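First comes the structure, then the notes that go with it.
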Amino acid sequence: MRTPHRRLPWSVAGLGLAVALAASACGSPESSDSGAGGTAAAGEQQAGPLRISAIPDMDPSDLAEREKAMAAYLAEELGVEVEYVPVSDYAASVSLFGTGDLDLVFYGGLTGVQARLRTEGAEVLAQRDIDERFRSVFIAHRDAGLAPVEDVAGLAELADTRFTFGSESSTSGRLMPSYFLDQAGVDPAADLEGEPGFSGSHDLTIDLVESGSYEAGALNEQVWRSRTESGTVDTEAVQEIFTTPEYADYHWIGSPALDERLGDGFTADLRQALLDLDGSDPEEESLLEAYGAESIIPADASDHERIEEIGRTLGLIR
């Protein structure tokens, strides 16, 4: 599990190597946000860059560090220039992917479904090992008097509380928590104290509940575990009250224009490069740790049919 603000070898040394290779291949220097390898395997230099991104669900500096490290890894593996493109919010990532301005995005379950529905021909490429069986965590400020519960039905105690989700388009911070609240008989639009909040990220959900701005909230289990293990949560103020059943979540999606832009077979090569990220050397191990994973595994669009169904039921997908 990742610890906050850990420096990744690729974020500096590896990325610098990728930039140097780009200069050698292209005859001009590149910015520190991109990397490149040599020529394509077929012997012809491929067009670029490969533009990668991720939904902004965590601390921006940590996210940028992780994604720049991934850019360097992919540049070395695929022999193309790779650029990390930050986005302002979840909706922007879906929009930019749809307009062809992003080529590879690390999406949550809901945003991944939204991106594929908007962009015909987009392909699910891979997922982390933890994404087959992902979970959300409900947390509460201890002064709220909420006790840990043993099942979904116990979430009924959250009625009439000041409650915050994460981003409005988050799978683990909004969609699935809303679904489980509904299963417990709590309508977030009608049964909470006031309108529910939307913090914008999992880290901020913790901070808002810890400060007492909200009595309870829901977030990504991975972020909660990472923060508590690293000691950046005041567990005297905030506690976990429930961990949800499992569901499929994050995954990488590739643009339908990848082969046209970067050469025949590039989509398959990109998928394989992701799957080859197995922690077999220190740099790969650090990169996987930044994603909170031990390996990258195959994924398919069918993995997220339940997410799409729930999204339509809740009116988050139309």
Side-chain angles (χ1 to χ4, degrees), residues 1-15 52-55 57-59 61-78 82 84 104-109 111-112 123-137 170-173 176 201-203 206 219-233 240 243-254 268-304 307:
M1 189 68 68
R2 174 181 74 87
T3 55
H5 305 296
R6 174 171 180 183
R7 307 311 299 176
L8 299 173
W10 263 319
S11 65
V12 178
L15 192 58
I52 73 169
S53 193
I55 53 172
D57 62 346
M58 58 190 288
D59 179 88
S61 61
D62 289 346
L63 179 66
E65 182 180 0
R66 185 190 74 187
E67 293 304 305
K68 289 179 182 180
M70 175 60 83
Y73 167 77
L74 291 174
E76 185 174 357
E77 290 293 304
L78 297 169
V82 184
Y84 164 54
L104 175 71
V105 182
F106 185 56
Y107 279 119
T111 44
E123 291 191 37
V124 175
L125 299 183
Q127 63 187 335
R128 303 171 301 179
D129 53 349
I130 62 175
D131 289 314
E132 286 185 304
R133 297 175 298 277
F134 210 79
R135 301 190 296 182
S136 297
V137 171
S170 172
T171 304
S172 54
M176 295 309 295
S201 77
H202 303 295
D203 285 302
I206 295 174
L219 69 146
N220 173 326
E221 181 190 31
Q222 180 197 17
V223 173
W224 173 251
R225 302 282 177 240
S226 178
R227 288 279 301 270
T228 54
E229 289 173 9
S230 65
T232 60
V233 177
E240 175 183 339
T243 300
T244 71
E246 298 169 344
Y247 54 87
D249 200 354
Y250 290 81
H251 51 291
W252 281 273
I253 293 184
D269 291 343
L270 176 56
R271 175 185 283 110
Q272 192 59 53
L274 290 169
L275 297 175
D276 286 345
L277 183 54
D278 59 8
S280 57
D281 59 46
E283 288 82 7
E284 288 193 15
E285 185 177 5
S286 292
L287 183 52
L288 284 172
E289 185 179 355
Y291 281 97
E294 293 185 358
S295 64
I296 307 301
I297 63 175
D300 188 83
S302 63
D303 298 336
H304 302 93
I307 296 295

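Along the sequence shown, residues carry numbers from 1. Only a predicted model underlies this, so the values are computations on that prediction, with no experimental measurement involved.
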inquiry  = Which heavy atom of A299 sits nearest to which heavy atom of A126, and what is that distance?
reply    = CB-C, 3.7 Å
Pairing residues for E123 by the side chain to side chain donor-acceptor pair (under 3.5 Å) criterion, not counting sequence neighbours = R271
request  = Compare all side-chain heavy atoms of E283 with those of E76 and state whether any distance is below 4.5 angstrom.
outcome  = no
ask   = With A301, which residues qualify under side-chain contact (heavy atoms from CB on, under 4.5 Å), at least two apart?
value = R116, V124
key: L274 and E77, any side-chain heavy atoms less than 4.5 Å apart   = no
query = Got a sec, which residues hit side chain to side chain donor-acceptor pair (under 3.5 Å) with Y247, two or more places apart in sequence or on another chain?
reply = S136
ask   = Quick one: are V105 and I253 in side-chain contact, heavy atoms under 4.5 Å?
value = no
ask   = ring-ring contact (aromatic ring centres under 6.0 Å, His included) with H304: which residues, sequence neighbours excluded?
value = H251
query = Minimum heavy-atom separation for A293 to R128, with atom names?
reply = CB-CB, 3.8 Å
task = Quick one: closest heavy-atom pair of L277 and Y73, and the distance?
result = N-OH, 3.4 Å
task = Assess whether atom CD of E132 is packed by more than 12 heavy atoms of other residues, nucleotides or ligands within 6.0 Å.
result = yes
ask   = Under the side-chain contact (heavy atoms from CB on, under 4.5 Å) test, which residues partner S201, sequence neighbours left out?
value = D203, L204
message = Using every non-hydrogen atom in the two residues, find where A273 and L74 come nearest and quote the distance to one decimal.
response = CB-CD2, 4.0 Å
request  = Go through the structure and list residues passing salt bridge (Lys or Arg N to Asp or Glu O under 4.0 Å) with E67, not counting sequence neighbours.
outcome  = none
key: Under 3.5 Å: donor-acceptor pair, side chain of S286, backbone of P282   = yes
task = Compare all side-chain heavy atoms of I296 with those of L288 and state whether any distance is below 4.5 angstrom.
result = yes
query = Which residues satisfy the salt bridge (Lys or Arg N to Asp or Glu O under 4.0 Å) test with D57, sequence neighbours excluded?
reply = none
message = Under a 3.5 Å distance rule, please check whether Y84 uses its side chain to pair with a backbone N or O of A69 as donor and acceptor.
response = no
pair I297-Q127: side-chain heavy atoms closer than 4.5 Å = yes
query = Mind checking what makes salt bridge (Lys or Arg N to Asp or Glu O under 4.0 Å) contact with E240, not counting sequence neighbours?
reply = R225
query = Are the side chain of D249 and the backbone N or O of G108 linked by a donor-acceptor pair below 3.5 Å?
reply = no
inquiry  = Quick check: do L104 and V82 have side-chain heavy atoms less than 4.5 Å from each other?
reply    = no
ask   = Taking the side chain from H202 and the backbone from N220, do they hold a donor-acceptor pair closer than 3.5 Å?
value = yes
query = Heavy atoms, side chains only, cut-off 4.5 Å: are L275 and Q272 in contact?
reply = yes
ask   = Who pairs with P245 by side-chain contact (heavy atoms from CB on, under 4.5 Å), at least two apart in sequence or on another chain?
value = V152, F180, F242
remark   = W252 meets the ring-ring contact (aromatic ring centres under 6.0 Å, His included) criterion, sequence neighbours left out, with F106, Y291
task = Looking only at non-hydrogen atoms, find the nearest pair between R66 and A290 and report the distance.
result = CD-O, 3.5 Å
remark   = For D129, the side chain to side chain donor-acceptor pair (under 3.5 Å) test, sequence neighbours excluded, returns none
